[in-house]
Amino acid sequence: MKHLPINIFTFILLIASGYSSYAQYTETINSNRPGASQGAFSVGTGVIQLEAGAYFGNESHTLLRTDTDILGADYSLRYGLFFEALEISLIGSFEDNTEFIRIGANDVEFKTRNFKTNTLGAKYLIFDPSRSIKPDKPNLYSWKANQKFKWKTLIPAVSIYAGANISQAINPFLYEGEKSITPKVALITQNNWTGSWVLVMNLILDKLTEEFPSYTGIVTLTHAFTPKFAGFMEYQGIISDLYADDIVRTGMAYLVTDDLQFDVSGLINFKNTPDRWQLAAGVSYRLDLHKKEEYLDDSYEGDRRRKRTEKSEEIEPEIDDQK
């Protein structure tokens, strides 16, 4: 088990060797915040990105007669490595919980403070419809044909993710007997639709080698109302013998610059064992060391970006000559 992170990294490299690079880099920051899901696309080679935030909330368990105040921080460090389609990341959270348990007529206080999660993993884009599927040309003779729904728009970009949950041997957030290193894998899809709508879906299999594995599905719908402002709605379903839940999140993000984003969000669930609510705020920042845009000749999105770049390069010398 101690060699698991290396094995996962080797597995990703073997997959990467069977595919060509995809154009991943974007002019503006590509953040997974404020939702809990991961997007299918990486940050791009040479990009170092930090996504972090703080949250507070409460869990009230009717059967156990407990009431827990939660204060925590979550973080994600992402880096584009080797290929445009490959990203490595460290995703985690730290919590300081104050739990009150009703014993007789008194509330007894218990403190829990530690890293709740730390997952080192890698994500690789295995299919991008914008590269593999040629867009339809406009019909010059039929407005109706141009407005007709096209089924190919439902085909998403697809990524795979593999990682290792890493924890201290003694951690109050681990159940008794749980190992300090456990595997985590995910299938990630993403649809980018016209009108600034993005649909992301994650299917996550976590701690499969343990007594209580977890199966999670996340659906995130994001809409950009303006070039600076976007909102999202998210559903997360968790199935496990240890903990199962249905969670809904919503929130908004504001793009300050191409490399800086702020966000706020909240969540609720739909049961009382425990009843949960949470508020959060965070920031995403990237250090853009992407020296050049890597395009493929057969990438339709790459062709458009390349032409735009070549055009701007032609204009700049003309301006310099005039000076």
Side-chain angles (χ1 to χ4, degrees), residues 1-12 14-15 32 35-40 51 55 57 59 61 64 66 68 70 72-78 87-97 99 112-124 126 158-189 200-220 234-249 267 269-271 273-274 276 278:
M1 185 64 69
K2 65 181 179 179
H3 301 296
L4 183 60
I6 298 177
N7 292 336
I8 289 173
F9 185 68
T10 303
F11 173 71
I12 293 296
L14 288 174
I15 293 176
N32 290 324
S37 62
Q38 291 192 63
E51 304 168 12
Y55 59 88
E59 294 185 2
H61 202 294
L64 299 179
T66 62
T68 306
I70 300 173
D74 53 25
Y75 47 87
S76 175
L77 182 62
R78 304 167 61 191
E87 172 185 299
I88 59 173
S89 62
L90 174 64
I91 303 172
S93 62
F94 183 91
E95 279 193 8
D96 185 344
N97 296 346
E99 183 179 33
T112 303
R113 179 184 300 165
N114 212 311
F115 288 95
K116 189 172 184 179
T117 60
N118 266 313
T119 305
L120 180 63
K123 178 177 66 177
Y124 189 79
I126 60 176
V158 180
S159 288
I160 54 174
Y161 171 87
N165 303 304
I166 303 171
S167 178
Q168 297 171 312
I170 301 177
N171 188 324
F173 290 109
L174 299 182
Y175 63 82
E176 186 176 354
E178 182 177 346
K179 297 181 181 65
S180 58
I181 300 179
T182 56
K184 181 176 183 178
V185 296
L187 179 67
I188 303 167
T189 67
V200 171
M201 292 188 285
N202 290 184
L203 178 61
I204 305 167
L205 287 69
D206 199 8
K207 303 182 180 181
L208 297 176
T209 58
E210 300 303 292
E211 183 179 358
F212 302 107
S214 174
Y215 309 93
T216 301
I218 307 176
V219 180
T220 308
E234 181 175 272
Y235 166 76
Q236 179 178 7
I238 304 171
I239 300 174
S240 173
D241 291 337
L242 190 65
Y243 172 70
D245 210 341
D246 295 282
I247 299 170
V248 171
R249 295 181 181 86
L267 73 81
N269 71 339
F270 297 97
K271 67 175 190 176
T273 55
R276 297 181 58 189
Q278 183 176 293

Distance, nearest 0.5 Å, that separates CZ of Arg276 from NE2 of His61:
12.0 Å
I'd like to check Leu267 versus Val248 (side-chain heavy atoms, cut-off strictly below 4.5 Å). Are they in contact?
no
Smallest separation among heavy atoms of Thr189 and Ala40, with atom names:
C-CB, 4.4 Å
So, for Leu174 and Ser167, which heavy atoms are closest and what is the spacing to 0.1 Å?
CD1-OG, 3.7 Å
Report the C-alpha distance between Lys207 and Phe212 in whole Å, list the side-chain angles of each, state the deciding distance to 0.1 Å, and finish with yes or no for side chain to side chain contact (heavy atoms under 4.5 Å, CB included).
CA-CA 7 Å; Lys207 303 182 180 181; Phe212 302 107; over 6 Å; no
Report the C-alpha distance between Gln38 and Lys123 in whole Å, list the side-chain angles of each, state the deciding distance to 0.1 Å, and finish with yes or no for side chain to side chain contact (heavy atoms under 4.5 Å, CB included).
CA-CA 9 Å; Gln38 291 192 63; Lys123 178 177 66 177; 3.9 Å; yes
Please round to the nearest 0.5 Å and tell me the distance separating atom CZ of Phe94 and atom CG of Asp74.
13.0 Å
Just checking, any donor-acceptor pair under 3.5 angstrom between side chains of Asp246 and Tyr235?
yes
Any side-chain heavy-atom pair of Lys184 and Ile204 under 4.5 Å:
yes
Can you tell me how far the CD1 atom of Ile247 sits from the NZ atom of Lys271, to the nearest 0.5 Å?
9.0 Å
Side chain to side chain, Phe115 and Glu95, heavy atoms closer than 4.5 Å:
no
Carboxylate-amine/guanidinium proximity below 4.0 Å for Glu51 and Arg78
yes
Can you confirm whether the side chains of Tyr124 and Glu87 place a donor and an acceptor under 3.5 Å from each other?
no
Student check: side-chain heavy atoms of Tyr175 and Glu210 closer than 4.5 Å:
yes
Which atoms form the tightest heavy-atom contact between Asn114 and Phe173, and what is the distance?
O-CE1, 3.6 Å
What verdict does the side chain to side chain contact (heavy atoms under 4.5 Å, CB included) test give for Asn97 and Glu99, after you've listed the backbone C-alpha separation in whole Å, the side-chain angles of each residue and the deciding distance to 0.1 Å?
CA-CA 6 Å; Asn97 296 346; Glu99 183 179 33; 5.8 Å; no
Applying the side-chain contact (heavy atoms from CB on, under 4.5 Å) criterion to Asn202, which one of Leu187, Ile218, Val219 satisfies it?
Ile218
Shortest non-hydrogen separation from Gly39 to Asn32 and the atoms involved:
N-OD1, 2.9 Å
So do the side chains of Thr66 and Pro274 get within less than 4.5 Å of each other, counting heavy atoms only?
no
Stepwise side chain to side chain contact (heavy atoms under 4.5 Å, CB included) check, Ile126 with Ile160:
CA-CA 7 Å; Ile126 60 176; Ile160 54 174; 4.2 Å; yes
Do Met201 and Leu203 have side chains that approach each other closer than 4.5 Å (heavy atoms only, starting at C-beta)?
no
Validation row: Pro213, Asp206 side chains within 4.5 angstrom (heavy atoms):
no
Ser93 and Thr117: side-chain hydrogen bond (donor to acceptor under 3.5 Å, both in side chains), yes or no, with the steps?
CA-CA 5 Å; Ser93 62; Thr117 60; 3.0 Å; yes
Might you point out which heavy atoms bring Ser89 and Tyr161 nearest each other, and give the distance in Å?
OG-CE1, 4.1 Å
Are Glu234 and Thr220 close enough that a side-chain donor and a side-chain acceptor fall under 3.5 Å?
yes
Interatomic distance, CG@Asn165 vs CG@Asn118, rounded to 0.5 Å, equals 9.0 Å
Are Ile238 and Ser214 packed together at the side-chain level, in the sense that at least one heavy-atom pair is separated by less than 4.5 angstrom?
yes
Could you pull out all residues at least two apart from Tyr243 that satisfy ring pair (Phe, Tyr, Trp, His ring centres under 6.0 Å)?
none
Atom CD1 of Ile239: over 12 foreign heavy atoms under 6.0 Å
no
Calculate, to the nearest 0.5 Å, the distance between atoms CG and CD belonging to Asn269 and Gln236 respectively.
11.0 Å
